[in-house]
Colleague: 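Shown below is the structure under consideration.
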Amino acid sequence: MNRIEGVAVIGAGTMGSGIAYVAAQAGMRAWQIDVAPAQLERAREYHAKTASRSVEKGRMSSTESDALLSRITYHGSMAQGAAAGLAVEAATENPEIKRRIFEEMARTFPESTVLATNTSSISITSIGAAVGPGADRVVGMHFFNPVPVMKLVEVIRGLMTSDETVARTVAVAERLGKVPIPAHDRAGFVSNRVLMPMINEAFYAWMEGVAEPKHIDEIMKLGCNFPMGPLRLADFIGLDVCHDILMVLFRELGQDRYFPCPLLRQLVTAGRLGDKSGGGVYDHPQ
Ligand code: NAD
């Protein structure tokens, strides 16, 4: 089994920038890829800021920080990362976009490359189907936000995924300092199947006037021992991402209870996407 030494990360948003950072932190080469130059610039700034904070806190020396940052390069096309042994797709949560990206990944990366998706909810088997004959190397590698902090990686096997692909994915996750846990290929896997209906319900509670957002969050923190209330968490994840995941659950599992709350839909339409846009449920001056 080939040891994986480099990771190509497709998508330089909240998750993709975090995945590239933890790869470089573990001593691996990281190719950060995005179609939007502004997102690549944002990722570069995030990497520099995260590394410099670690130096200030005495977690690494400035020489180590320089070496970490030099392991990440930034590109507008995935062809430049073709030498990576693992390609992780972390682009927008939309089945059509992901299928198109995977068709291109299958053409771009050699057959020995593991093709992973960080999707929160979309079927790994359906993404594998876009790849065709090489679908045995397609796997779900679901990181959590913020990637440098959160330990879990859900590893999801599609119908065509090979044992070797799963074993190599688990090995990389461990090398990144994460705890890989398997889940089956059902919409939302375990984490979002349980989390998203709760977040949706919190929006309904707000919309129906059961309590103000800050009281909903305080109640769940103090009464249920949550480190962060569900509405604050939704802002952190991104309201557009929550909306898209709920739509996948609704379509795939065929039950009305997964349909996004009208208030969540309205906020997304208004461009209030959470922390990343400066405001969602709450205002977040950037
Ligand atoms: P995001 O909106 O912050 O970033 C998405 C990025 O994908 C953008 O930079 C966009 O330019 C890029 N992109 C779109 N089409 C592309 C293409 N064809 N090629 C290359 N890049 C492309 O989203 P995010 O929050 O980072 O989520 C990314 C993925 O990770 C989604 O599948 C999401 O469900 C999943 N995820 C998100 C979280 C979270 O908390 N935000 C947690 C776990 C998993």
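Counting convention: from 1, in listed order, for ligands and their atoms alike.
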Colleague: Under a 4.0 angstrom heavy-atom cut-off, which atoms of ligand 1 come close to V241?
Modeller: 25 (O), 34 (O)

Colleague: With side chain to side chain contact (heavy atoms under 4.5 Å, CB included) as the test, pick out the partner of M196 among V248, V241, L246.
Modeller: L246

Colleague: To which protein heavy atom is atom 17 (C) of ligand 1 closest, and what is the distance rounded to 0.1 Å?
Modeller: I101 CD1, 3.5 Å

Colleague: Can you name the atoms of ligand 1, numbered from 1 with element, that are less than 4.0 Å from a heavy atom of H142?
Modeller: 43 (C), 44 (C)

Colleague: Roughly how far, to the nearest 0.5 Å, is CD of Q266 from CG of L239?
Modeller: 12.5 Å

Colleague: Could you list the cluster mates of M141? Members are the ILVMFWY residues connected by side-chain heavy atoms closer than 4.5 Å, either directly or through other members.
Modeller: I4, V7, V9, M15, I19, V22, M28, L86, V88, V114, V139, F143, V147, V153, V155, V166, V170, V172, L176

Colleague: Can you tell me if G238 has a non-hydrogen atom under 4.0 Å from ligand 1?
Modeller: no

Colleague: Report yes or no: does D217 contribute a side-chain atom to a donor-acceptor pair with the main-chain N or O of L231 at less than 3.5 Å?
Modeller: yes

Colleague: Where the closest heavy atom to atom 41 (N) of ligand 1 is concerned, which of T14, I237, L40 has it?
Modeller: I237

Colleague: Specify whether Y282 and H284 have parallel, tilted or perpendicular ring planes, treating 30° as the upper limit for parallel and 60° as the lower limit for perpendicular.
Modeller: perpendicular

Colleague: So is R100 touching ligand 1 or not, going by heavy atoms under 4.0 Å?
Modeller: no

Colleague: Closest non-hydrogen protein atom to atom 19 (N) of ligand 1, residue and atom name please, with distance?
Modeller: V35 CG1, 3.6 Å

Colleague: Give a yes-or-no answer on whether the side chains of S162 and T165 include a donor-acceptor pair shorter than 3.5 Å.
Modeller: yes

Colleague: As a quick check of understanding, evaluate side chain to side chain contact (heavy atoms under 4.5 Å, CB included) for I122 and K98, giving each step before the final call.
Modeller: CA-CA 9 Å; I122 298 168; K98 293 210 190 279; 3.9 Å; yes

Colleague: Do me a favour and list the nearest non-hydrogen protein atom to atom 44 (C) of ligand 1 with residue, atom name and distance?
Modeller: S120 OG, 3.2 Å

Colleague: R44: what forms a salt bridge (Lys or Arg N to Asp or Glu O under 4.0 Å) with it, not counting sequence neighbours?
Modeller: E41

Colleague: What protein heavy atom lies closest to atom 11 (O) of ligand 1? Include the residue and the distance to one decimal.
Modeller: D34 OD1, 2.7 Å

Colleague: What residue and atom, counting heavy atoms only, is the protein's closest point to atom 14 (C) of ligand 1, and at what distance?
Modeller: T92 OG1, 3.3 Å

Colleague: Using a heavy-atom cut-off of under 4.0 Å, does the side chain or the backbone of D244 touch ligand 1, or both, or neither?
Modeller: neither

Colleague: Which of the numbered atoms in ligand 1 are under 4.0 angstrom from any heavy atom belonging to F143?
Modeller: 43 (C), 44 (C)

Colleague: Working to the nearest 0.5 Å, report the span between CZ of R71 and CG of L69.
Modeller: 9.0 Å

Colleague: Among protein heavy atoms, which lies nearest atom 26 (O) of ligand 1, and at what distance?
Modeller: M15 N, 2.8 Å

Colleague: Between R100 and E103, does at least one N-O distance fall below 4.0 Å, as a salt bridge requires?
Modeller: no

Colleague: Assess the side chains of T73 and Q32: does a donor N or O sit below 3.5 Å from an acceptor N or O?
Modeller: no

Colleague: Nearest heavy atom to atom 7 (O) of ligand 1: which of G16, A91, G18 does it belong to?
Modeller: A91

Colleague: Among all protein heavy atoms, pick out the one at the shortest distance from atom 4 (O) of ligand 1; state its residue, atom name and that distance to 0.1 Å.
Modeller: G13 CA, 3.3 Å

Colleague: For atom 2 (O) of ligand 1, what is the nearest protein heavy atom, given as residue, atom name and distance?
Modeller: K276 NZ, 3.5 Å

Colleague: Can you sort out which atoms of ligand 1 are near T119, meaning under 4.0 Å from one of its heavy atoms?
Modeller: 32 (O)

Colleague: Which atoms from ligand 1 have a heavy atom of Q39 less than 4.0 Å away?
Modeller: 8 (C), 9 (O), 11 (O)

Colleague: Transitively linked via ILVMFWY side-chain contacts under 4.5 Å: L159 with I156?
Modeller: no

Colleague: Taking 4.0 angstrom as the limit and counting only heavy atoms of K98, give me the atoms of ligand 1 inside it, by number and element.
Modeller: 31 (C), 32 (O)

Colleague: Is ligand 1 under 4.0 Å from a heavy atom in the side chain of N118, in the backbone, in both, or in neither?
Modeller: both

Colleague: For ligand 1, note which part of F144 has a heavy atom under 4.0 Å away: side chain, backbone, both or neither.
Modeller: neither

Colleague: Under 3.5 Å, is there a donor on one side chain and an acceptor on the other for H75 and S77?
Modeller: no

Colleague: Any nitrogen or oxygen of E89, main chain or side chain, under 3.5 Å from a nitrogen or oxygen of ligand 1?
Modeller: no

